Amino acid sequence: MLNFSYQNPTRIVFGKDQLAQLTKLIPPGSKVLLTYGGGSIKHNGVYQQVVNALEGFDWQEFSGIEPNPSFETLMRAADLVRREKIDFLLPVGGGSVIDGTKFIAAAAMFAGDAWDILAKGAKISAAIPLGCVLTLPATGTESNGNSVVTRYETQQKLAFSSALVYPQFAILDPTVTFSLPPKQAANGVVDAFVHVMEQYMTYPVNAPVQDRFAEGLLHTLIEEGPKVLNQPDNYDVRANVMWAATMALNGLIGQGVPQDWATHMIGHEITALFGLDHAQTLAIVLPSLLQQQRGPKRDKLLQYGRRVWQLQHQDEERLIDDAINHTRAFFEQMGVPTRLADYGIKADAVDKLVAALQANGMVKLGEHGDINLDVSRQILQRAV
Ligand code: NZQ
Ligand code: ZN
């Protein structure tokens, strides 16, 4: 196992009727900015519950944070935070609203050009505190320090990470996910699955706690994921998927083990250039990447095939092929197509995507840093 230092400061408040806890969780006397997206929270009753819980606080709101949140919109919110001297941020929504609000938290306190936080990895030394209400289980952003922001003007989708933007608390009420369109619920399952894979599907370092934990999450997502589509009103299914998605990217399973993240980095370019949902890009890239990297990932692919998909073949090459085929079939079963062509993207897009990877410095990806632009090109060609 590799060395590590781990702390996750986010308090998770999980279950039915927990939105009312907001009143106690937000520091008394805070000047609060409630942030949200395109209005889903107004249709499913979440907004009203939040408004009720904010009674007695000095608060205002900022809406219109887009899926794949835009730098342009978030900078308007950061100006508002500065102008109004907001001292607590309350994102209510999916990954985009929470990620976007983490960026607002950092940008509002940043002295220089806030784009540098994303484009140059400029270190932030302060951020407005935040706590969140999660409405879409997928990203794990509710209890991690990551944020991904898109600049529409330049078609760049870039991330930053800081311990300063961990939410202080996250309210996870599975009933708020009943209103998710099936496509978004399925996206969430695929995203969480790939988060586990990014931290598990590398090479063995004798870390059975992390491996067994990761395999347990994969099993849960394989078993419960399809039920989200078949039994959308089943509370237990919603609860199990929600908790699995949080555990997939709250940092725990990634401690002391190598991590990959190439699928995400290549996927971000597909979203930036062609506007696909985040999870759709992952469903396209991961099966191809596993095929391309089957050499370096051989030991873990065999372990994954045997333990997660219960494959028994003697022939190891066939076992690896089947493990990858099962992965692709699972995404398809969730209704998330796995080829670029399924989204109307043609083979000539590969050149553009490779150029974007180059422009953003994504030239040594993966757990070995061996996914250079040529390898990324081959991965994308396999995905056409
Ligand atoms: O904007 P509203 O009206 O709220 O509607 C949203 C949006 O249209 C809707 N929605 C959310 N909760 C709902 C709901 N509709 C009905 N009922 C509900 N309960 O769903 C749509 C998609 O929301 P979005 O927040 O964009 O989805 P998701 O949670 O999948 O977040 C995706 C973003 O997270 C980033 C992605 O790159 C992408 O920008 N990621 C963040 C990560 C992190 N911070 O650690 C890791 C991930 O790998 C990912 O990169
Ligand atoms: Zn993801």
Side-chain angles (χ1 to χ4, degrees), residues 10 19 34-47 49-50 63-71 73-74 91-103 118 132-151 156-162 165-167 170 172-199 228 232 238 241-242 245-246 248-251 254 259-272 275-283 285-286 336:
T10 303
L19 260 69
L34 159 63
T35 57
Y36 58 98
S40 71
I41 64 167
K42 292 219 164 149
H43 299 121
N44 60 12
V46 172
Y47 178 82
Q49 290 184 66
V50 171
S63 64
I65 298 179
E66 313 86 344
N68 305 309
S70 80
F71 173 77
T73 299
L74 302 173
V92 179
S96 295
V97 170
I98 300 173
D99 274 16
T101 306
K102 290 176 177 179
F103 183 71
L118 296 156
C132 65
V133 176
L134 181 70
T135 65
L136 199 176
T139 60
T141 186
E142 64 278 10
S143 71
N144 70 37
N146 308 331
S147 161
V148 192
V149 173
T150 300
R151 190 163 190 164
Q156 281 171 294
K157 182 168 185 176
L158 300 173
F160 83 100
S161 258
S162 167
V165 297
Y166 271 81
L172 274 57
D173 176 347
T175 65
V176 313
T177 70
F178 285 140
S179 60
L180 278 169
K183 181 178 124 176
Q184 295 302 344
N187 277 347
V189 170
V190 170
D191 192 19
F193 188 93
V194 178
H195 292 159
V196 179
M197 292 292 273
E198 298 276 26
Q199 301 163 87
V228 168
R238 297 289 189 173
V241 166
M242 199 169 207
T246 299
L249 199 48
N250 64 1
Q259 302 192 17
D260 181 340
W261 296 105
T263 296
H264 270 71
M265 294 309 124
I266 298 171
H268 285 172
E269 303 301 354
I270 302 177
T271 298
L276 268 58
D277 293 348
H278 173 62
Q280 294 174 331
T281 72
L282 306 177
V285 178
L286 183 71
V336 186

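Just so you know, these numbers come straight off a predicted model, no measurement behind them. Atoms within a ligand are numbered from 1 in the order they appear, just like the ligands themselves.
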Checklist entry - Which atoms from ligand 1 have a heavy atom of Gly37 less than 4.0 Å away? => result 1 (O)

Next on the checklist: For His264, is there any backbone N or O sitting under 3.5 Å from a side-chain donor or acceptor partner on Glu198?
Outcome noted: yes

Checklist entry - Which is closest to atom 28 (P) of ligand 1 in terms of heavy atoms, Gly95, Gly38, Pro67? => result Gly95

Next on the checklist: Under 4.0 Å from a heavy atom of Asn146: which atoms of ligand 1 are those, numbered in the order shown and with their elements?
Outcome noted: 43 (C), 44 (N), 45 (O)

Checklist entry - Is there a donor-acceptor pair closer than 3.5 Å between any side-chain N or O of Asp191 and the backbone N or O of Ala279? => result no

Checklist entry - Any idea which of Thr175, Asn187, Thr135, Ile65 brings a heavy atom closest to atom 11 (C) of ligand 1? => result Thr135

Checklist entry - Any donor and acceptor pair, going by atom type alone, linking the side chain of Gln184 with main-chain N or O of Leu136 inside 3.5 Å? => result no

Next on the checklist: Suppose we measure from atom 30 (O) of ligand 1 to each protein heavy atom; which comes out shortest, and what is that distance?
Outcome noted: Ala138 CB, 4.0 Å

Checklist entry - Which one of Thr150, Leu282, Thr139 has a non-hydrogen atom at the shortest distance from atom 42 (C) of ligand 1? => result Thr139

Next on the checklist: Determine whether Lys102 and Asn144 satisfy the following criterion, side chain to side chain contact (heavy atoms under 4.5 Å, CB included), listing intermediate values before the conclusion.
Outcome noted: CA-CA 10 Å; Lys102 290 176 177 179; Asn144 70 37; 3.0 Å; yes

Item to check | Point-to-point distance, once rounded to the nearest 0.5 Å, from OG1 of Thr175 to CG of Asn44 | outcome: 9.0 Å

Checklist entry - Just which atoms of ligand 1 are under 4.0 Å from any heavy atom in Lys157? => result 36 (C), 37 (O), 38 (C), 39 (O)

Checklist entry - Should you measure from each heavy atom of Asp191, which atoms of ligand 1 turn up under 4.0 Å away? => result 47 (C), 48 (O)

Checklist entry - Would Leu19 and Val50 count as a side chain to side chain contact (heavy atoms under 4.5 Å, CB included) if you check the C-alpha gap in whole Å, the side-chain angles of each, and the deciding distance to 0.1 Å? => result CA-CA 7 Å; Leu19 260 69; Val50 171; 4.1 Å; yes

Checklist entry - Counting heavy atoms only, which part of His264 comes closer than 4.0 Å to ligand 1: side chain, backbone, both or neither? => result side chain

Item to check | Proximal atoms of ligand 1 relative to Pro181 (non-hydrogen, under 4.0 Å) | outcome: 15 (N), 16 (C)

Item to check | Expected output: side-chain Ser96 to main-chain Asn68 donor-acceptor under 3.5 Å | outcome: yes

Checklist entry - What residue and atom, counting heavy atoms only, is the protein's closest point to atom 49 (C) of ligand 1, and at what distance? => result His278 NE2, 3.3 Å

Next on the checklist: Starting from atom 24 (P) of ligand 1, what is the nearest protein heavy atom, named by residue and atom, and what distance separates them?
Outcome noted: Ser96 OG, 3.4 Å

Next on the checklist: If we set the cut-off at 4.0 Å for heavy atoms, which region of Leu249 has an atom near ligand 1: side chain, backbone, both, or neither?
Outcome noted: side chain

Next on the checklist: Quick check on contacts: which atoms of ligand 1 are under 4.0 angstrom from a heavy atom of Thr141?
Outcome noted: 43 (C), 44 (N)

Item to check | Spacing of His268 atom NE2 and Ile266 atom CD1 [to the nearest 0.5 Å] | outcome: 11.5 Å

Checklist entry - Among all protein non-hydrogen atoms, which one is nearest to atom 4 (O) of ligand 1, and what is the separation to 0.1 Å? => result Ser40 OG, 2.8 Å

Checklist entry - To the nearest 0.5 Å, what is the distance between NZ (Lys183) and CG (Asp277)? => result 4.0 Å

Item to check | Gln280 side chain vs Thr271 backbone, donor-acceptor pair below 3.5 Å | outcome: no

Checklist entry - Of the choices Asn44, Val165, Ile41, Asn68, which has the non-hydrogen atom that lies closest to atom 39 (O) of ligand 1? => result Asn68

Checklist outcome for this item: the Zn ion (ligand 2) -> Asp191, closest N, O or S atom is OD1

Checklist entry - For the side chain of Thr10 and the backbone of Pro167, is there at least one donor-acceptor N/O pair under 3.5 Å apart? => result yes

Checklist entry - Considering only heavy atoms, which of Val176, Val148, Asn144, Leu180 lies nearest to atom 13 (C) of ligand 1? => result Leu180

Item to check | For atom 23 (O) of ligand 1, closest protein heavy-atom neighbour | outcome: Leu136 CD1, 3.5 Å

Checklist entry - Which ligand 1 atoms are under 4.0 Å away from a heavy-atom of Asp99? => result 34 (O), 35 (C), 40 (N), 41 (C), 42 (C), 43 (C), 44 (N)

Checklist entry - Please state the angle at the Zn ion (ligand 2) spanned by NE2 of His264 and NE2 of His195: what is it, rounded to 10 degrees? => result 90°

Item to check | Distance in Å, Ser161 OG paired with Tyr166 OH, rounded so as to fall on 0.5 Å steps | outcome: 8.0 Å

Next on the checklist: Contact between ligand 1 and Glu66 is defined here as a heavy atom of the residue under 4.0 Å from a ligand atom; is it met?
Outcome noted: no

Checklist entry - Closer than 4.0 angstrom: is that true for some heavy atom of Gly39 and an atom of ligand 1? => result yes

Checklist entry - Hey, what do you get for OG1 (Thr101) to CG (Leu74), rounding to the nearest 0.5 Å? => result 7.5 Å

Checklist outcome for this item: So the atoms of ligand 1 within less than 4.0 Å of a heavy atom of Ser179 turn out to be 16 (C), 17 (N), 18 (C), 19 (N)

Checklist entry - What is the distance from atom NE2 of His195 to atom OG1 of Thr246, rounded to the nearest 0.5 Å? => result 11.5 Å

